[in-house]
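Everything below concerns the one structure shown next.
First listed ligand is number 1; within each ligand, the first listed atom is number 1. Computed from a prediction, not measured in an experiment: that's the story for all the values here. Numbers here are sequence positions counted from 1.
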Amino acid sequence: MSGSILVVNSGSSSFKYQLIDILTERRLASGLVERIGEELGRVIHTVSGTGEQQDETSFETPIPDHTSGFALMLNAFGEHGPSLEGNAPVAVGHRVVHGGARFHQPTIVTPAVVRDIEDLAALAPLHNPGAVQGIEAARSAFPSVPHVAVFDTAFHQTLSPAAFSYAIDAGLAERFRIRRYGFHGTSHRFVSCAAAEFLGRPVEELNQIVLHLGNGASACAVAGGRSVETSMGMTPLEGLVMGTRSGDIDPAVLFHLHRKAGLGVDELDELLNRGSGLLGMSGRGDMRDVIAAAESGDGPSGLAFEVYLHRLKHYVGAYYAQLGRLDTIVFTAGVGENNALVRAGALEGLEGLGIRIDPQRNEARSRIARVISSDDSSVTVLVVPTNEELEIARQTLACTGRKGGLRADGRPQSAESASVVPEGLPSGRLL
Ligand SMILES: Nc1ncnc2c1ncn2[C@@H]1O[C@H](COP(=O)(O)OP(=O)(O)O)[C@@H](O)[C@H]1O
Ligand SMILES: CC(=O)OP(=O)(O)O
Ligand SMILES: [Mg+2]
């Protein structure tokens, strides 16, 4: 069958989109709507031509929310193509960050599903609200096609109780569904499969550590294609140092700030989610700016960079130990794909563990998957570009029960069983 799938990947203050041909998996168009809610936002719309050829347009305008961002995206398609009438999407796929205990699989969007995603917003305050706006705008623009929500949390349903449980009061944990859910699962799944494909080995044979280093960042230990450990927790706040998020912190710091600095719970939430990480430490949330400032001698930026690398190395060591044997370390997402300094710094001094980066390979610039370890490294270190949108398109197609060129690899399920409530959990119970 022919047609396309529109994928919307909503973030906190931005969203990415792709229109993907379902027969060929070709990206027909892609774009970024960013700085939503700031004084001036920006839309970048790229139309794919033949081969590597691309036609990019960008413009700046205030974008108060995701709903108006979605309308601007539709205008960009109207003005610059490809025509959404000529390439009418047969389905729309949406990235949703938190699926809680309710969503284990790609799920056809209904009003009840939207309500549940809204209810989970407290646990992903930077992400779920934007996703809901994106879903509502898309449903009114494309009312007659199925919309599918694909959850970041789904890939981590394979964590063992030892990996997903926190050491707190068991009754409270049970009652409030307090556990590690893990995020970036769509990316960790895509990248671990793409790494195996690149190496020409079955994913079932490989033990991998995937480092998704974007604005948000997480590490994932993948054994035989299954997530066995991941650094984000009940919310996308735990783990690595991020652009504006603290990652791991002693929870007693919060009690102390409450008692001594008089900060309330909402202020603490805001502080850790939006005012910490690289931004909190150095005044700069973008890794490029942090590195530039550190190189020109700014002390706080230098320290922020060191803390970022220190934490990354900590997780590499921990996950190596959890896996017991390690075949590959894979860097992905904005920082991981583009920054050689971060990659080298994170793995520096690990030669004793059989991990050796080749400096020349690491410095080489490329947009495709590549090896950056030396030939005598027993662990193969890779850079593999993520493509959450393509993975979402594949899962969306499979969930709608349609057939296309998009591979589902037998992973997502059909529409009839798409919305699954885990055993023992009353429907409507999200957490
Ligand atoms: N060359 C680079 N060096 C360091 N960081 C980079 C580079 N290119 C992009 N980034 C960072 O990548 C991040 C965006 O990555 P991305 O994976 O798109 O994140 P998200 O999906 O969370 O927005 C930005 O914070 C940006 O600073
Ligand atoms: C879950 C998460 O942190 O996503 P992102 O990196 O897109 O902000
Ligand atoms: Mg991202």
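Within 4.0 Å of ligand 2, protein heavy atoms come from Arg95, Val97, His127, Asp152, Phe183, His184, Gly216, Met232, Pro236, Arg245.
For the residue pair His184 and Thr230, no side-chain donor N or O sits within less than 3.5 Å of a side-chain acceptor on the partner. With 3.5 Å as the limit, one finds a donor-acceptor pair spanning the side chains of His94 and His147. In this model, a donor atom of one side chain and an acceptor atom of the other lie less than 3.5 Å apart for Ser301 and Arg284. Side-chain atoms of Glu337 and Thr332 include a donor-acceptor pair closer than 3.5 Å. A side-chain N or O of Ser227 and one of His156 form a donor-acceptor pair less than 3.5 Å apart. With no hydrogens or angles considered, no side-chain donor-acceptor pair links Glu388 and Ser187 at under 3.5 Å.
The only option from Asn207, Thr158, Leu323, Val222 that meets the side chain to side chain contact (heavy atoms under 4.5 Å, CB included) definition with Val228 turns out to be Leu323. Among Val335, Ile329, Val342, the single residue meeting the side chain to side chain contact (heavy atoms under 4.5 Å, CB included) criterion with Leu211 is Ile329.
Taking atom 1 (N) of ligand 1 as the reference point, the nearest protein heavy-atom neighbour is Asn338 CB, 3.3 Å. Of all protein heavy atoms, the one lying nearest to atom 26 (C) of ligand 1 is Arg288 NH2, 3.5 Å.
Near Gly216, with a cut-off below 4.0 Å to any heavy atom, the atoms of ligand 1 are 22 (O). Close contacts of ligand 1 with Ala333, meaning ligand atoms under 4.0 Å from a residue heavy atom, involve 17 (O).
Between Asn9, Asp289, Thr386, Asp286, it is Asp286 that holds the heavy atom closest to atom 24 (C) of ligand 1. Here the shortest heavy-atom distance to atom 14 (C) of ligand 1, taken over Asn339, Leu278, Asn215, Val335, belongs to Asn215. Summarising the contacts of atom 16 (P) of ligand 1 with Pro385, Gly334, Pro236, the nearest heavy atom is found in Gly334.
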Side chains of residues 266-273: which donor-acceptor pairs under 3.5 Å do they make with residues two or more places apart or in other chains?
{"residue": "Glu267", "atom": "OE1", "partner": "Gly264", "partner atom": "N", "Å": "2.7"}
{"residue": "Asp269", "atom": "OD1", "partner": "Asn273", "partner atom": "ND2", "Å": "2.7"}
{"residue": "Asn273", "atom": "ND2", "partner": "Asp269", "partner atom": "O", "Å": "3.4"}

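Ring geometry, Tyr17 versus Phe15: the interplanar angle falls from 30° to 60°, so the pair is classed tilted.
In this structure, Gly243 has no heavy atom closer than 4.0 Å to ligand 1. Judged by the shortest distance from any of its heavy atoms, Lys16 lies inside the 4.0 Å radius around the atoms of ligand 1.
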